[in-house]
Each structure stands twice: as C-alpha cells, then as structure tokens.
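Every value quoted in this text rests on a predicted model; they were computed, and no experiment measured them.
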Amino acid sequence: MIKTPHTSLLWRNVTLFDGLRQWDQPVAVLVKDGQVAAIWPEQTLDERMVRNAQIAGQGGVMTPGLVDCHTHLIYAGDRAAEFELRLEGASYEEIARAGGGILSTVRATRAASEEQLLESCRPRLEALMADGVTTVEIKSGYGLTLADELKVLRVARHIGEVFPIRVVTTLLGAHALPPEFVDNADGYVELVCAEMIPAAVAEGLADAVDVFCEGIAFSPEQCERVFRTAHKHGLRVKAHAEQLSNLGGSMLAARYQALSCDHIEYLDEAGVKAMAEAGTTAVLLPGAFHMLRETQLPPVDLLRQYNVPMAVASDANPGTSPICSPTLMANLACTLFRLTPREALSGMTAHAARALGIQTLGRIEVGAPADLCLWNISHPAELAYAVQAGRLRQRVFAGTITHVH
C-alpha cells in the first residue's frame, strides 16, 4: 500500500462515471479523510478551495472501486484436469462419479490449514485488486462441515484485515451435499440450520447466508428452512437460483427479502416480478455461462421492464468460473447477455454494492467512502469494450492510493 502523506487529495480534469451515469463534462474530485469531500465541474473549480490538497492525478476516467459481489475465492487445489476431461467429452456426472467435481475441491479445502488457504487465495485476490476491485464478497461452501465452513469464513475475515480491500462474507453451507450425508439432504440442512448458522453468528463471521436452490443441490423447501433460520439470527439471505432449471427459488428468496438472486438464467416473469417487489438485485454471472457453454440466456429484457437492478460478478471459483478479471466480466455481460456498457459498469459498482446491502459503496458522491479507480482510457465504455490488462492507473481504497501503474 502506498501511504499518502496528505489527508486531502485532488484529481483534476477526469471523466467521471459515478456508478450510475457518466457526467457530461470533466470534473475535479476532492477526497478528504477517506471520503469523497467534493465534486466540481472542472471549469468551476475555485483554486482557493483546494490550495492545501495534493494533486493526485489528472485526466483519464474515474469510476468507483469495482465491487465483485459473488465469489467463491477461498479454496484449495484446482480442477484443470477436469476442464481437460470435459473438453475430451466426459460429462459432469462421469467426472463426479470418478471423485471429481465440487467434492474434489471440498476434500482439498478440508485438508488445508487457514494459512494455506490464505496463501492459495492470494494470487486470485491480487488479480482482482489489480483489475480495480475494492470490495469483494467471499462465500464459504467448500468445507461442508461446521469446522471447515467456519475455517473458510475466518480466512475471509482475515483477508479484510491484511489486504486493502473490503470483504463481505457469506455462509454458503447449503452449497452441495457432502459425502457424509449421501441420501440425507434433510439431515445436512439440519446441520446448517442448527449448528453452522448459529456458530457463524456467534463468531461474527457471516454477513449473509446463501443457498444453492437446484435439482442437483437443495429443494425450495430445504432452502426455506435455511432462510427462516438466517432471519431468526438476523442475517440477510441470497440465493443461487434458476441456473439450470426453474424451481421457483427466486420467488422464494424474494419472499424473504433476499439481497440478491444469482445466475437466474431460467428465471421467468413471475420470478422477476417478485424480485422487483422485494427490491432484490439480479446478479448475472457471465463467466460461468461462458465456461459451461450454456445457451439459456438470463431474462435481461424482463429485468429491464420491471426495473430490477442488474449486478455483474466474476463468480470466481475452481470449477465453473476460474476467472479473476471483473473487466472481462463486463465484456462478457455485454457480448453474451447484451447489456450496454453503462449497465455492465453499474452492475460492477452501484448495483453490485446493492446486492451486498451496502448502498454507500459503488458510488462516487459526496460523503461516500473514497474507493476509486482511475483508468488510462478516454471513455468509460472502453472498460467493457476491450479485454486488456494494464489500464488501471490508480486504485484508491478508503482515501489511500494503493496501486499506481
């Protein structure tokens, strides 16, 4: 981290995308004591008002720090061999029967210490930060025992203490059925509800609770048990829903005022309407769509029609989206899902923060935390248009410049 000696920093003549829109003229942005203190049109800036501020940068495009609102960033091992097998014709079911799939990641994650998980996560985390991420959501879900789920969440909390990044944690105990509970999904859901959620709350390790509502995972009835328990313990809920089929998981989640429903390729109009009425954000995950070569597109036009905010996230995970590049996700959201560049950028800033329940992040406005990115581009749409490393000129976290390129 680059320590800045001045508490007031000034950026001049920048093109501003504030999280929802591009300003129509160049601006000056003043940061003081870790917050955005003022924004002026460049031509109206009174030099006397900023005489004690340090000039931190000039020109370029400024956006909020990117918010990656859906990741499975902490795990051990990799699944590259399975990637090869799939390309050679093996099915997911064949790989799983041979001991692969998510349970191979579970075995490796269980065997790893907290220190080993932190070190294995470091390159992925650094890649996200180098591409502009200042807030990341990290889910558990590769431990699937009480001890191992808490272990992953402790590592996630520790990341927020030792790296210049905001970490939001999500307990995803209901991610997959562990081998100890084969043919006993209800018994495992009872473990999640009776032990995992209370223990995570007692240690302050979880900000929200997630479920995977799908035929290969957990039924709506089982997910509702998790939602009820989460609410009982004061935690907001999220859902992996409608990724492979339409089980009504999004409608269920909306009844519990879910922060977000994620994937949602098979979401129907009734589900979209329920999300709109509940204020639930739709999280689009084009990386998994791309890696799995899916063909069922999420209902973007319906989401627009009902004014459901659309977030975009990496879904960084070892099996279906081993990708740690949010700007690539912006490109894929546009090319695969037909979002506009403005929608994609809002999806990685203001709407992504909304999906985490943190309205002050993902925006550049007076009083907001000074999590900022300055890019070597001339127009915000270039972030979604081109897939290109090295465009981040400065990354600012809580008013401190942490990356300079």
Side-chain angles (χ1 to χ4, degrees), residues 1-2 9 11 14-20 22 29 31 36 56-57 59-71 73 122-138 159-160 163-168 283-287 311-316 321 323-334 339 341-353 355-356 358 360-364 368-405:
M1 183 181 295
I2 300 170
L9 299 174
W11 283 265
V14 298
T15 298
L16 184 68
F17 180 82
D18 66 10
L20 293 175
Q22 178 183 340
V29 178
V31 166
V36 178
V61 169
M62 178 174 282
T63 70
L66 304 186
V67 178
D68 197 345
C69 66
H70 182 132
T71 83
L73 208 62
R122 183 186 296 270
R124 299 186 284 271
L125 185 70
E126 290 177 344
L128 290 180
M129 291 193 296
D131 208 27
V133 172
T134 54
T135 298
V136 63
E137 184 255 21
I138 300 178
I159 284 171
F163 290 91
I165 193 167
R166 301 180 197 275
V167 175
V168 177
V283 178
L284 307 181
L285 304 172
V312 176
S314 71
D315 192 18
S321 189
I323 305 171
C324 297
S325 173
T327 56
L328 172 58
M329 294 304 144
N331 176 272
L332 293 176
C334 294
L339 267 64
R342 183 196 60 77
E343 287 174 326
L345 293 181
S346 292
M348 297 194 307
T349 52
H351 295 329
L356 299 179
I358 310 174
T360 57
L361 297 179
R363 300 288 301 274
I364 301 178
D371 293 358
L372 312 169
C373 290
L374 188 67
W375 305 88
N376 280 320
I377 56 178
S378 58
H379 190 280
E382 291 181 49
L383 286 179
Y385 153 72
V387 180
Q388 179 181 336
R391 292 174 294 179
L392 183 64
R393 187 189 306 176
Q394 292 175 333
R395 175 185 181 273
V396 182
F397 176 71
T400 295
I401 299 172
T402 64
H403 288 63
V404 177
H405 298 279

(Q) When you compare the side chain of Val283 with that of Cys69, does any pair of heavy atoms fall below 4.5 Å? (A) yes

Q) Is the closest side-chain heavy-atom distance between Pro369 and Thr360 below 4.5 Å? A) yes

Q. Counting N and O atoms only, with roles assigned by atom type, does the side chain of Ser314 sit under 3.5 Å from a partner on the main chain of Ser325, one being a donor and the other an acceptor?
A. no

(Q) Working to the nearest 0.5 angstrom, can you tell me the gap between Leu328 CG and Asp131 CG? (A) 8.5 Å

**Q.** Exam field: side chain Asp371 to backbone Phe397, donor-acceptor pair closer than 3.5 Å
**A.** no

Q. Which atom names give the shortest non-hydrogen contact between Leu20 and Ala350, and what distance separates them?
A. CD2-CB, 3.8 Å

Q.
Quick check: do Val31 and Val396 have side-chain heavy atoms less than 4.5 Å from each other?
A. no

(Q) Show the nearest heavy-atom pair for residues Cys373 and Gly65, with the distance to one decimal. (A) SG-CA, 3.9 Å

Q: Hey, could you give me the CD1/CZ distance between Ile358 and Arg166, rounded to the nearest 0.5 Å?
A: 8.5 Å

Q) At what distance, to the nearest 0.5 angstrom, does CD1 of Ile377 lie from CD of Gln388? A) 9.5 Å

Q) When rounded to the nearest 0.5 angstrom, what is the spacing between CZ in Arg363 and NE2 in His351? A) 9.0 Å

Q) Do Thr349 and Phe17 come close enough that some side-chain heavy atom pair is under 4.5 Å? A) yes

Q | Euclidean distance, Ile323 CD1 relative to Met329 CE, rounded to 0.5 Å | A | 4.0 Å

Q: Can you see which heavy atom on His379 is nearest to which on Val61, and at what distance?
A: N-CG2, 3.6 Å

Q: Mind listing the closest non-hydrogen atom pair of Ser378 and Thr15 along with its distance?
A: O-OG1, 4.3 Å

Q | Sidechain-backbone polar pair: Arg395 side chain, Val133 backbone, donor-acceptor under 3.5 Å | A | yes

Q. Ser346 side chain to Gly19 main-chain N or O, any donor-acceptor pair under 3.5 Å?
A. yes

Q) Would you call Pro64 and Leu361 a side-chain contact if the rule is heavy atoms closer than 4.5 Å? A) no

(Q) Any side-chain to backbone donor/acceptor pair from Arg393 onto Gly57? Under 3.5 Å, distance only. (A) no

Q) Would a distance-only check, ignoring hydrogens and angles, find a side-chain to backbone donor-acceptor pair under 3.5 Å from Asp315 to Thr71? A) no

Q | Leu16 side, atom CG; Ile364 side, atom CD1 - distance, nearest 0.5 Å | A | 4.5 Å

Q) Side-chain contact, heavy-atom cut-off 4.5 Å: Gln394 with Trp11? A) yes

Q: Keeping the roles fixed (side chain from Glu382, backbone from Trp375), state whether a donor-acceptor pair exists under 3.5 Å.
A: no

(Q) What I'd like to find out is whether the side chain of Leu284 reaches to under 4.5 Å of the side chain of Leu339, using heavy atoms alone. (A) yes

**Q.** Smallest separation among heavy atoms of Met129 and Ile165, with atom names
**A.** CG-CD1, 3.9 Å

Q: Answer whether the closest heavy-atom distance between the side chains of Leu128 and Pro326 falls below 4.5 Å.
A: yes

